[in-house]
Amino acid sequence: MKHIAITGGIGSGKSFVCKQLEKYDIKVYDCDQAAKRLWATDETLQRDLKAIVGDDVYINNVLQKRVLAQYLLKSEANKLTVDNLIHPVIARDFLQSGYSWLESAILFDSGFYKRIDFDFIVCVSAPLETRVQRVMERDGITEAKALEWIHKQWPQEKVEQHSNFVIVNDGVRDLDEQIEKLIDSINNN
């Protein structure tokens, strides 16, 4: 089975591309949704997170996102520690899921791409102005805040350079045509 990762910066439209893949009977494993599910259900993960963050990170077995966010924002080392807890669990869950496609916004930023031997990595990209507009509309935030979030991630050009394929989701180029070429290329390699 081939393993394909889809990534791209905030506002690039990677989730939309993943929904489009369903038209081709391709289901995509969503790392964000998996992380939420695993934080809520994996007792070992919960125990380990309590050990590093503190018991107040869970109240009545519910993850306290604010407490976790405070811990993550304190240092890069804290972020790395939490990544090293959740990423192996997500990687194992994905490999056991039967899915071959995976969506991760921070595939490169977090180093997650090193945890699974991906056959292909697909970057979904869009012009900066388009990304900013999408994030502002989706999250109801200012342009400055959208740009701040965008600039916290790897630059889009760097993600494109580390990917095997690029899908441009700019609202102009034909998305279905690009997806069909992508699928043909993956199937023929």
Side-chain angles (χ1 to χ4, degrees), residues 1-42 45 72 76 79-128 130-131 134-135 138 149-171 173-189:
M1 175 188 293
K2 293 178 184 172
H3 292 122
I4 301 104
I6 299 178
T7 192
I10 187 170
S12 64
K14 72 192 153 307
S15 295
F16 181 75
V17 169
C18 290
K19 284 186 185 7
Q20 296 303 107
L21 286 167
E22 291 176 8
K23 293 194 290 190
Y24 303 90
D25 293 324
I26 295 172
K27 293 187 184 339
V28 181
Y29 180 96
D30 183 327
C31 283
D32 288 342
Q33 290 301 317
K36 289 174 187 170
R37 175 178 47 82
L38 292 164
W39 284 125
T41 60
D42 189 299
L45 195 55
L72 292 171
E76 191 62 32
K79 184 179 171 306
L80 186 60
T81 300
V82 172
D83 283 351
N84 284 331
L85 280 182
I86 189 68
H87 288 177
V89 178
I90 291 172
R92 183 176 59 248
D93 189 64
F94 168 69
L95 292 171
Q96 294 172 350
S97 71
Y99 285 74
S100 57
W101 294 67
L102 171 145
E103 174 189 358
S104 172
I106 55 171
L107 185 77
F108 293 114
D109 312 52
S110 68
F112 187 78
Y113 72 101
K114 296 175 186 173
R115 298 198 180 267
I116 296 171
D117 186 20
F118 290 105
D119 297 286
F120 302 99
I121 296 177
V122 181
C123 171
V124 178
S125 70
L128 181 61
T130 304
R131 295 174 62 199
R134 286 174 180 163
V135 174
R138 183 190 71 196
W149 289 357
I150 287 169
H151 293 307
K152 284 186 178 184
Q153 296 180 327
W154 266 30
Q156 183 170 265
E157 298 76 24
K158 188 174 178 182
V159 176
E160 290 175 0
Q161 290 169 358
H162 285 78
S163 299
N164 304 99
F165 300 98
V166 176
I167 290 181
V168 180
N169 186 13
D170 58 4
R173 294 177 206 170
D174 188 313
L175 208 48
D176 285 327
E177 184 179 303
Q178 293 179 76
I179 291 171
E180 288 171 12
K181 284 182 182 177
L182 168 68
I183 293 168
D184 285 346
S185 186
I186 288 172
N187 288 340
N188 292 321
N189 280 310

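In what follows, residues are counted from 1 in the order of the sequence shown. Keep in mind that this is a model prediction, so the values were computed, not measured.
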Asker: Taking side-chain hydrogen bond (donor to acceptor under 3.5 Å, both in side chains) as the test, write out the residues that go with Y113, two or more places apart.
Answerer: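 If we apply the side-chain hydrogen bond (donor to acceptor under 3.5 Å, both in side chains) test to Y113, skipping adjacent residues, there are no hits.
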Asker: Report the distance from atom CD1 of I90 to atom OG of S110, rounding to the nearest 0.5 Å.
Answerer: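 I90 CD1 to S110 OG: 8.5 Å, rounded to 0.5 Å.
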Asker: If I compare all heavy atoms of R131 with all of G9, which pair ends up nearest, and what's the gap?
Answerer: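 Of all heavy-atom pairs spanning R131 and G9, the closest is NH2-CA, 3.3 Å.
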Asker: If the condition is salt bridge (charged side-chain N to carboxylate O under 4.0 Å, His left out), which residues does K181 pass it with, not counting sequence neighbours?
Answerer: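 With neighbours one apart ignored, the set is E177.
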Asker: Any idea which heavy atoms bring Y99 and M1 closest together, and the distance?
Answerer: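 What the structure gives for the nearest pair is O-SD, 3.5 Å.
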Asker: Listed by chain and number, what are the salt bridge (charged side-chain N to carboxylate O under 4.0 Å, His left out) partners of K79, not counting sequence neighbours?
Answerer: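 So K79 forms a salt bridge (charged side-chain N to carboxylate O under 4.0 Å, His left out) with D83.
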Asker: Determine the minimum heavy-atom distance between V168 and L175, stating which atoms define it.
Answerer: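 That would be O-CD1, 4.1 Å.
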Asker: What's the spacing between I186 CD1 and D119 CG if we round to 0.5 Å?
Answerer: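 Reported to 0.5 Å precision, the distance equals 9.0 Å.
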Asker: With sequence neighbours excluded, what pairs up with K152 under the salt bridge (charged side-chain N to carboxylate O under 4.0 Å, His left out) test?
Answerer: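 Salt bridge (charged side-chain N to carboxylate O under 4.0 Å, His left out) check on K152 returns E148.
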Asker: At their closest point, which heavy atom of V124 faces which heavy atom of G13, and how far apart are they?
Answerer: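 Closest pair (atom of V124, atom of G13, distance): CG1-C, 3.9 Å.
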Asker: How long is the span from the CD1 atom in I86 to the OG1 atom in T81, to the nearest 0.5 Å?
Answerer: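 Answer rounded to 0.5 Å: 14.0 Å.
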Asker: Any sub-3.5 Å donor-acceptor pair from K14's side-chain atoms to G8's backbone N or O?
Answerer: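 Checking the backbone N and O of G8 against the side chain of K14, a donor-acceptor pair under 3.5 Å is found.
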Asker: Are V89 and R92 packed together at the side-chain level, in the sense that at least one heavy-atom pair is separated by less than 4.5 angstrom?
Answerer: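 Yes, their side chains come closer than 4.5 Å.
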Asker: Judged by atom type as modelled, is there a donor-acceptor pair below 3.5 Å linking the side chain of S104 to the main-chain atoms of T7?
Answerer: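 Answer holds: no.
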Asker: Take C123 and E160 through the test side chain to side chain contact (heavy atoms under 4.5 Å, CB included) and record every step on the way to the result.
Answerer: CA-CA 6 Å; C123 171; E160 290 175 0; 3.7 Å; yes
Asker: Grab the two heavy atoms, one from Y29 and one from S97, that are nearest each other, plus how far apart they are.
Answerer: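 Taking Y29 first and S97 second, the nearest heavy atoms are CD1-OG, 4.0 Å.
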Asker: Between side-chain atoms of residues 17-24 and protein atoms elsewhere (two or more places apart, or another chain), which donor-acceptor pairs fall under 3.5 Å?
Answerer:
from : atom 1 : to   : atom 2 : distance (Å)
K23  : NZ     : D176 : OD1    : 3.0
K23  : NZ     : D176 : OD2    : 3.2
Y24  : OH     : E180 : OE2    : 3.2

Asker: Residues in side-chain hydrogen bond (donor to acceptor under 3.5 Å, both in side chains) with R138, at least two apart?
Answerer: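 For R138 there are no side-chain hydrogen bond (donor to acceptor under 3.5 Å, both in side chains) partners, ignoring immediate neighbours.
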Asker: Quick one: does I26's side chain get under 4.5 Å of I183's, heavy atoms only?
Answerer: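 Side chain of I26 against side chain of I183, heavy atoms only: contact under 4.5 Å found.
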Asker: Enter the distance from D30:CG to K36:NZ here, rounded to the nearest 0.5 Å.
Answerer: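 D30 CG to K36 NZ: 8.0 Å, rounded to 0.5 Å.
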Asker: So do I121 and H162 actually touch side chain to side chain, heavy atoms under 4.5 Å?
Answerer: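 Not touching, per the 4.5 Å side-chain cut-off.
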Asker: When the ring planes of F118 and H3 are compared, do they come out parallel, tilted or perpendicular, using 30° and 60° as the limits?
Answerer: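 If you compare the ring of F118 with that of H3, the planes turn out perpendicular.
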Asker: Would you say D42's side chain and L38's backbone share a donor-acceptor pair under 3.5 angstrom?
Answerer: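 Absent.
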Asker: For residues 94-118, which residue pairs qualify under salt bridge (charged side-chain N to carboxylate O under 4.0 Å, His left out), counting only residues two or more places apart or in two chains?
Answerer: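 Sorted result for residues 94-118: empty, none.
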Asker: Got a sec, which residues hit salt bridge (charged side-chain N to carboxylate O under 4.0 Å, His left out) with D32, two or more places apart in sequence or on another chain?
Answerer: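 Salt bridge (charged side-chain N to carboxylate O under 4.0 Å, His left out) list for D32, sorted by chain: empty.
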Asker: May I ask you to decide if L80's main-chain N or O and N84's side chain share a donor-acceptor pair within less than 3.5 Å?
Answerer: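 Yes; at least one donor-acceptor contact below 3.5 Å.
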Asker: Got a sec, which residues hit ring-ring contact (aromatic ring centres under 6.0 Å, His included) with F120, two or more places apart in sequence or on another chain?
Answerer: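 For F120 the ring-ring contact (aromatic ring centres under 6.0 Å, His included) partners, ignoring immediate neighbours, are F165.
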Asker: Would you please name every residue forming a side-chain hydrogen bond (donor to acceptor under 3.5 Å, both in side chains) with R134, sequence neighbours left out?
Answerer: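 Not a single residue meets the side-chain hydrogen bond (donor to acceptor under 3.5 Å, both in side chains) criterion with R134.
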Asker: Given side chain to side chain contact (heavy atoms under 4.5 Å, CB included), test F94 with C31 step by step and report yes or no.
Answerer: CA-CA 8 Å; F94 168 69; C31 283; over 6 Å; no
Asker: Can you list everything that forms a side-chain hydrogen bond (donor to acceptor under 3.5 Å, both in side chains) with S12? Sequence neighbours excluded, please.
Answerer: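 S12 satisfies side-chain hydrogen bond (donor to acceptor under 3.5 Å, both in side chains) with no other residue.
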Asker: Tell me, please, which residues at least two apart from W101 pass ring-ring contact (aromatic ring centres under 6.0 Å, His included).
Answerer: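 Testing W101 for ring-ring contact (aromatic ring centres under 6.0 Å, His included), a comparison that skips the adjacent residues, returns none.
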Asker: Using side chain to side chain contact (heavy atoms under 4.5 Å, CB included), reason through W39 and L45 one step at a time and then give a plain yes or no.
Answerer: CA-CA 7 Å; W39 284 125; L45 195 55; 3.5 Å; yes
Asker: Rounded to the nearest 0.5 Å, what separates atom CG in L107 from atom CG in L102?
Answerer: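 Atom-to-atom, L107:CG and L102:CG are 7.0 Å apart.
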Asker: Could you state the interatomic distance from CG (L182) to CD1 (I6), rounded to the nearest 0.5 Å?
Answerer: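 That separation rounds to 7.0 Å.
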